[in-house]
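Since we're looking at a predicted model, the values are computed, not measured. By convention in this document, chain letters (A, B, ...) are assigned in the order of the sequence lines, proteins followed by strands, and residues within each chain are numbered from 1.
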Amino acid sequence: MSVISSLVPARFLTLTAHLVIVITIFWSRENNVKACLPLQFTEEEYNKEDIKLVIALSVTLGLFFIELAGFFSGVSMFNSSQGLLSLAAHCSASICLSFYVFQKWECWTYWFIFAFCSVLPALVELVLFIAVFGLKKKPL
Amino acid sequence: MAFFEVYSHPALIRYKTSVCTKATLFAIAVLCLTYIPPLLVAYRSQGFWLKRSTYEEQPVIRFQYQMLLVTATSSRGDYVAWSTYPHLNNLLGSNLRIPMVSAREEDQNQDGKLDLLNLQLELPVSSEEQVYSIQLLLTFSYQLFRMSTVVMQTLAFVQHSSPVPGSQLFVSGDLCLEQRVPLPHRGLHTTYNVSVIDGNSPFASSYDLVNIIGEYQKRNLTTVFSCPSPVWTVGRAAEAPFKISAVVRYPVEVISYRPGFWEMIKLAWIQYVSVLLIFLWVFRRIQDFVYQNQVLPTVPVLPFKQHTA
């Protein structure tokens, strides 16, 4: 019980940290978009890259919704494996994204962070959703 | 009776699991995350592979007692010249003017390597002639030993001209090495160990300063005589010779070179391991937490026998 009682708040905190950074990037994405454009760029090129990044960030928010829903509804709150995965993924995402903002990484690097740190735990969450509501398994 | 700790030792607890379990997956993930990220951190923070490095060495330089002097003696284009090459002196004809030269090389700190060259040159000039410009070319043999052995012939070129006729030129500066590409870390390099001026050639083109300097500047390794403030003294007494005094110093050079394999590996290894230690510590703590608290189900094997009730 003591393990779960420490995993749950830790998972919540890292999820929140990741969420806060993603929302912050919505405002400060200009530098990252410029980082992946050549020195001379047109308005059109800028908008194209900018929209790509906005889409990625919006999808991230959607995946957050899935994961938070699973977390708060109790589907995965006491599942230690999902807790561990989610903890690791969002913790590394928070660290990577803070570097992403401070060091002005190119905008395409966001897709890697997105794939490993948002899609992966959200997919596992979906599997758990199906297991609990579809297959009527008892949530751990 | 007070108790005190007389001895302590850690007990090893083994956690066992089968191949297709979450614990195995976790162990593989931890292994990858421990050993790969330090490499990325060390590489991305620049300077992981040392591509270029520098060392200091005072070169062994000897003045070769070969020189070429061209002096403009009027504003209309008359000149006199002199060199240590007999073929050129024959070609010069009536423009040949023989100066008095004294040269002395000194080793000031007694380390066996010469530190400077003192050159005094007195060019006799008639009272009708005025000295407007000086072009002086000196040749040196230049050797480096510490990393790669370099043996080459180099030049120092002094050029000064003035609208006002002068009586004396004083130059004092360093004979600096110019490198276009870094040297290798070992080996012998004698590509440039050929005379900069071909003294055996009977043709005037071999002694043309444009050709000499043009060929010389194509080289990767050259020396340049760096003299930021030449002193041109005006007001010459009639019949007095024109004097050139030059002090050429041989300074300690900072030479850049490409490090060898082991030097590169050594520095990369130092960087990798120092970052790896932090990751090892962090992941050890995480694994301790995961296995001790049975976050992922494993079978612990305790080091001592369980007492059965």
Hey, mind stepping through A:S81 and B:L296 against side chain to side chain contact (heavy atoms under 4.5 Å, CB included) and telling me if it holds? CA-CA 7 Å; A:S81 316; B:L296 299 168; 3.9 Å; yes

What's the spacing between [X] [atom1] and [Y] [atom2] if we round to 0.5 Å?
X	Y	atom1	atom2	answer
B:N293	A:S80	CG	OG	10.5 Å
B:F289	A:L7	CZ	CG	4.5 Å
A:W105	B:R44	CH2	CZ	6.0 Å

Residues, nucleotides or ligands: over 12 heavy atoms within 6.0 Å of [X] [atom1]:
X	atom1	value
B:R180	CZ	yes
A:F65	CZ	no
A:F12	CZ	no
B:F145	CZ	yes

